[in-house]
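Position 1 is the first residue of the sequence, and the numbers go up from there. The model shown is predicted, which means the values in this text are computed figures rather than measured ones.
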Amino acid sequence: MIGGVAWSTVGDLLLRHLYLAGLPLLLGLVISLPLGWLATRYRWLAPPMIAGTGLLYTIPSLALFILLPLLLGTRVLDDANVLVAMTLYAIALLTRTVADGLGSVPVATRQAATAMGYGELRRTLVVDLPLAVPVITAGLRVAAVSNVSIVSVAALIGVSQLGQLFTEGFNRNDMGPILVGIGACVGLALVLDAGIALLSRVLTPWLRAGAA
């Protein structure tokens, strides 16, 4: 037991929290990559696309969790609604990040790749995207921590994860579960942040070589 909560319960809620925060992060990145590329490729498209996706982040999470069943036609508050909502939030943060990352690639580097016979798609995948990794992963770290925080709100609509400890502690007037929930959320956010930072280092070996 820790803070009046069984270790097995904390473990189960932690895995649920990771699923609800982590999967949308991956989905958001996959969707944001082509959106960010479009915003970089077609400059006239960048302002409305980045502003439009950014507006998604202004929607209060609880309101979005409640509205999504109506919009999706399910009328049921479940995991799917949370996954969709969190994916939208990830897209809101990552579209600009991807666009900034791809836009940070030096023009001379792109021209050199083109002169070597790289087509636009190949150049984007082999040259632009790898060079944009530091910027993209920096935004990904922010999105990961944000997702871990926002997911906890879903406990108010009955979706089980670490936020459940907050509501249980409040209902029982017991600080134990609340402190356990905070500690678990912070720990999960730190692990995700460290994992993404490590992934960035693995994908950018030239930066390590330059630092050495």
To the nearest 0.5 Å, what is the distance between CD1 (I31) and CG (L26)?
-> 11.0 Å
Would you mind telling me which of V151, L156, I157, V84 makes a side-chain contact (heavy atoms from CB on, under 4.5 Å) with F65?
-> I157
Look at the side chain of S104 and the backbone N and O of G101, then say whether any donor-acceptor pair between them is shorter than 3.5 Å.
-> yes
I50, V135: one ILVMFWY side-chain cluster at the under-4.5 Å cut-off?
-> no
Measuring from I91:CD1 to M86:CE, what's the distance to the nearest 0.5 Å?
-> 11.5 Å
In the single-linkage hydrophobic clustering (I, L, V, M, F, W, Y; side-chain heavy atoms under 4.5 Å), do Y89 and V145 co-cluster?
-> no
Flag, side chain of N171 to backbone of T167, donor-acceptor distance under 3.5 Å | yes
Mind checking whether Y19 and D79 have side chains closer than 4.5 Å, heavy atoms only?
-> yes
Which value, rounded to the nearest 0.5 Å, describes the distance between L83 atom CG and L88 atom CG?
-> 11.0 Å
Listed partners of R96 passing side-chain hydrogen bond (donor to acceptor under 3.5 Å, both in side chains), at least two apart = none
Go through R16 and L162 one step at a time and tell me if the side-chain contact (heavy atoms from CB on, under 4.5 Å) criterion holds.
-> CA-CA 8 Å; R16 290 270 303 156; L162 290 172; over 6 Å; no
Give me the one residue out of T87, I196, V148 that meets side-chain contact (heavy atoms from CB on, under 4.5 Å) with L25.
-> I196
Y57 and S146 side chains, donor-acceptor separation under 3.5 Å | yes
Q164 side chain to L13 main-chain N or O, any donor-acceptor pair under 3.5 Å?
-> no
Between C185 and F166, does a side-chain contact (heavy atoms from CB on, under 4.5 Å) hold up when you go through it step by step?
-> CA-CA 11 Å; C185 284; F166 302 149; 4.2 Å; yes
Short question: side chain of S32, backbone of G28 - any donor-acceptor pair under 3.5 Å?
-> yes
Criterion side-chain contact (heavy atoms from CB on, under 4.5 Å) on L33 and L129, from CA distance to verdict | CA-CA 9 Å; L33 285 173; L129 198 55; 4.0 Å; yes
Please lay out, stage by stage, how L102 and L131 fare under the test side-chain contact (heavy atoms from CB on, under 4.5 Å).
-> CA-CA 8 Å; L102 293 175; L131 291 177; over 6 Å; no
